[in-house]
Amino acid sequence: MQDNWSRYLRMIIGGLAGTTLVGLYFGEPLYGLVVGLTIYLWLTLIQARRLHHWLTHPSATDEAPKSVGFWGSIFDNLHKLHQNHLRTQDRLRAQINRVQESTNAMRDGVIMTDSRGTMEWWNGSAEYLLGFRRNTDRGQYIHNLIRNPAFKSYFDSRDYREPLEIHSPARPHIHLQIQISLFGDDDRLIVAKDVTRLYQLEQMRRDFVGNVSHEMRTPLTVISGYLETLVDHSDELPPKWRRAIRTMAVQSSRMEALITDLILLSRIETGEQTVHDSLTDVDRLIQQICQDARALSGDKQHEFTVNVTDHRLLKGDESQLRSAFSNLVFNAVKYTPAGGHITISWTTNREGAHLSVKDTGIGIDPVHIPRLTERFYRADPSRHKDTGGTGLGLAIVKHVLLNHDGNLEIRSQIGDGSEFICHFPRERLVERAPEATADKR
Ligand code: ADP
């Protein structure tokens with residue numbers, strides 16, 4: 001490059017010196033220099049024009065214009081850059097085609113949208129599962145094609161830790177699990193998985209448990225009824241039967257409680273009850289549950305504190321919420337030794353509304369906490385066999401909260417008491433009607 005440059009410089013100086021000498025020969029060296037400079041400028045303009053033409057019509061000819069000297073080297077280098085650029089473009093195009101081919105072969109629907117949900121690209125499975133059309137749907141808003149409020153709020157939430165389950169808008173018999181990931185400039189990669197088979201199995205399991213529980217309830221009520229009568233008249237029974245009858249009565253009422261909880265759980269899971277239209281007065285609900293808890297505490301004489309700082313209503317099903325909250329409060333009574341302290345608080349902040357049930361009871365080893373909401377999971381079965389619990393209480397709480405877009409937080413240490421907090425989103429809080437507020441004051 002350096003050599004080319006000095007050769008080119010020498011050529012220019014030589015040329016100018018030549019025209020100046022010719023001018024000197026005619027007695028006008030300055031004119032000779034001006035003519036030399038004019039010729040140089042004219043040649044430079046011609047090369048610049050050729051370069052401009054080549055750059056503006058790159059596809060007309062693949063080859064760079066032929067030239068010598070400095071301009072020749074510029075053309076050669078530009079040509080090399082152009083070739084490199086084309087090669088990189090080809091490589092990238094091949095890679096994109098390969099990625100598109102592989103995502104097209106996937107059984108899951110894959111969709112790319114921008115941050116507002118404008119459809120940019122999707123694979124063949126997305127067309128089948130969600131009913132998109134290749135020719136007409138590009139550039140459309142995804143919310144116009146998947147008209148589902150749950151999908152819209154999931155898309156807008158930007159919290160994609162948990163997937164969303166919806167029915168396919170195009171084929172209602174297909175149940176889809178939607179998972180969104182953020183990428184690029186706040187764009188969205190949406191993966192829709194067909195989970196119909198799993199959904200049906202889960203549905204069958206729920207129906208089975210619900211039906212069996214219903215079928216068992218009637219015979220069990222009859223057995224419990226007779227056992228109660230026998231217990232009431234135990235004086236008339238031979239002594240060796242009395243203990244057996246009492247044990248049978250206790251066990252049959254445990255089974256009744258278990259069946260009641262199983263039926264309740266399957267009803268909550270199938271979303272049989274309304275959670276969107278009804279409003280619940282949590283303040284009043286807590287007072288009622290607290291009264292029941294005092295009765296349950298009986299001789300154990302627990303000390304109760306109720307702390308309500310917000311009197312707004314909660315959008316949700318009262319009977320479901322009653323089951324959830326009372327399970328937490330009754331657990332606090334069951335797992336707190338006599339004289340212990342139980343605090344129930346209903347507070348709100350920027351994140352939402354929170355119901356906390358805190359006790360000074362036996363506490364739970366933190367290793368058990370992640371599994372406590374599983375059905376029949378017990379932190380320490382040996383310690384809990386006398387509490388008469390069904391093992392379904394926290395599973396009920398979890399499902400009620402899921403139905404109300406909430407979640408359960410558990411804080412506990414062995415011997416240090418426990419705190420169970422139900423978190424609800426802010427959007428579920430509703431102002432009381434004015435007259436109701438006035439009554440409250
Ligand atoms: P159970 O009917 O056995 O109480 P739950 O589902 O209500 O079933 O609770 C699951 C387990 O969680 C209980 O067996 C107990 O080990 C633990 N647990 C729940 N609440 C408390 C509490 N307040 N203090 C200590 N342990 C608790």
Side-chain angles (χ1 to χ4, degrees), residues 206 209 213 220 250-269 285-286 289-290 292-298 300-307 319-346 354-404 406-423:
R206 278 185 213 147
V209 173
S213 312
L220 200 62
V250 169
Q251 292 306 326
S252 81
S253 64
R254 268 194 73 182
M255 268 171 82
E256 267 189 313
L258 189 62
I259 284 185
T260 309
D261 274 2
L262 276 172
I263 292 174
L264 179 67
L265 189 56
S266 89
R267 228 184 268 154
I268 291 169
E269 275 185 324
L285 188 60
I286 292 176
I289 292 173
C290 198
D292 296 346
R294 280 200 174 93
L296 181 71
S297 167
K300 284 166 93 185
Q301 299 270 313
H302 292 108
E303 199 183 320
F304 287 87
T305 306
V306 176
N307 171 24
S319 72
Q320 282 195 28
L321 293 169
R322 182 187 295 278
S323 307
F325 298 165
S326 51
N327 264 311
L328 294 179
V329 178
F330 296 167
N331 272 352
V333 173
K334 280 192 294 183
Y335 298 112
T336 303
H341 200 136
I342 295 167
T343 311
I344 308 163
S345 326
W346 174 242
H354 318 277
L355 180 113
S356 148
V357 180
K358 194 171 177 175
D359 62 53
T360 54
I362 58 174
I364 308 159
D365 188 335
V367 293
H368 298 296
I369 290 178
R371 298 194 56 193
L372 278 188
T373 54
E374 287 174 20
R375 291 175 181 80
F376 303 116
Y377 188 88
R378 266 117 180 187
D380 183 353
S382 59
R383 285 197 302 165
H384 303 122
K385 62 178 184 289
D386 300 330
T387 60
T390 62
L392 291 171
L394 293 181
I396 291 174
V397 175
K398 177 182 148 183
H399 283 281
V400 168
L401 293 181
L402 274 179
N403 283 355
H404 291 78
N407 63 294
L408 179 67
E409 185 188 346
I410 305 172
R411 299 175 186 165
S412 189
Q413 287 291 341
I414 283 271
D416 212 14
S418 314
E419 183 173 13
F420 290 75
I421 312 170
C422 304
H423 298 289

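All ligand and atom numbering here is 1-based and tracks the order in the structure. The chain is numbered in sequence order, starting from 1. For clarity, every value in this text was computed on a predicted model and none was experimentally measured.
- At a threshold of 4.5 Å between non-hydrogen side-chain atoms, the residues Leu328 and Cys422 count as touching.
- Here is the list of ligand 1 atoms found below 4.0 Å of a heavy atom in Arg378: 3 (O), 14 (O).
- To the nearest 0.5 Å, atom NZ of residue Lys358 and atom OG1 of residue Thr360 are 10.0 Å apart.
- Taking every non-hydrogen atom of Thr390 and a distance limit under 4.0 Å, the qualifying atoms of ligand 1 come out as 2 (O).
- Residue contact check for ligand 1: Phe376 places no non-hydrogen atom closer than 4.0 Å to it.
- With hydrogens and angles disregarded, no donor-acceptor distance shorter than 3.5 Å links the side chain of His302 to the backbone of Ile342.
- Put simply, part of Asp359 is less than 4.0 Å from ligand 1, judged by heavy atoms.
- Checking only distances, Phe420 never comes within under 3.5 Å of ligand 1, N or O to N or O.
- Note that NE2 of His399 and CG of Leu408 are 12.0 Å apart. Values are rounded to the nearest 0.5 Å.
- Partners of Thr373 under the side-chain hydrogen bond (donor to acceptor under 3.5 Å, both in side chains) rule, at least two apart in sequence or in another chain, do not exist in this structure.
- Counting the atoms of ligand 1 from 1 in the order shown, those under 4.0 Å from a heavy atom of Gly393 are 5 (P), 6 (O), 7 (O).
- At least one heavy atom of Gly391 sits less than 4.0 Å from an atom of ligand 1.
- Here Ser418 has side-chain heavy atoms under 4.0 Å from ligand 1, and that is the only part of it that gets that close.
- Here the shortest heavy-atom distance to atom 12 (O) of ligand 1, taken over Val333, Ile369, Leu372, Leu328, belongs to Leu372.
- Heavy atoms of His368 come nearer than 4.0 angstrom to ligand 1 in no pair at all.
- Note: Leu355 CG to Ile289 CD1 = 8.0 Å, rounded to the nearest 0.5 Å.
- Listed by number with element, the atoms of ligand 1 under 4.0 angstrom from any heavy atom of Tyr377 are 10 (C), 11 (C).
- A perpendicular orientation is assigned to the rings of His354 and His423, their planes being inclined by more than 60° (bins at 30° and 60°).
- Rounding to the nearest 0.5 Å places CG of Leu262 at 10.5 Å from CE of Met255.
- Residue contact check: Leu394 has heavy atoms under 4.0 Å from atoms 5 (P), 6 (O), 7 (O), 9 (O), 10 (C), 12 (O), 19 (C) of ligand 1.
- The N/O atoms of Ile364, backbone and side chain alike, include none that comes under 3.5 Å of an N/O atom in ligand 1.
- Residue-ligand proximity, Ala379 to ligand 1, at heavy-atom distances under 4.0 Å covers atoms 16 (O).
- A distance of 7.5 Å separates CD in Gln320 from OG in Ser323, rounded to the nearest 0.5 Å.
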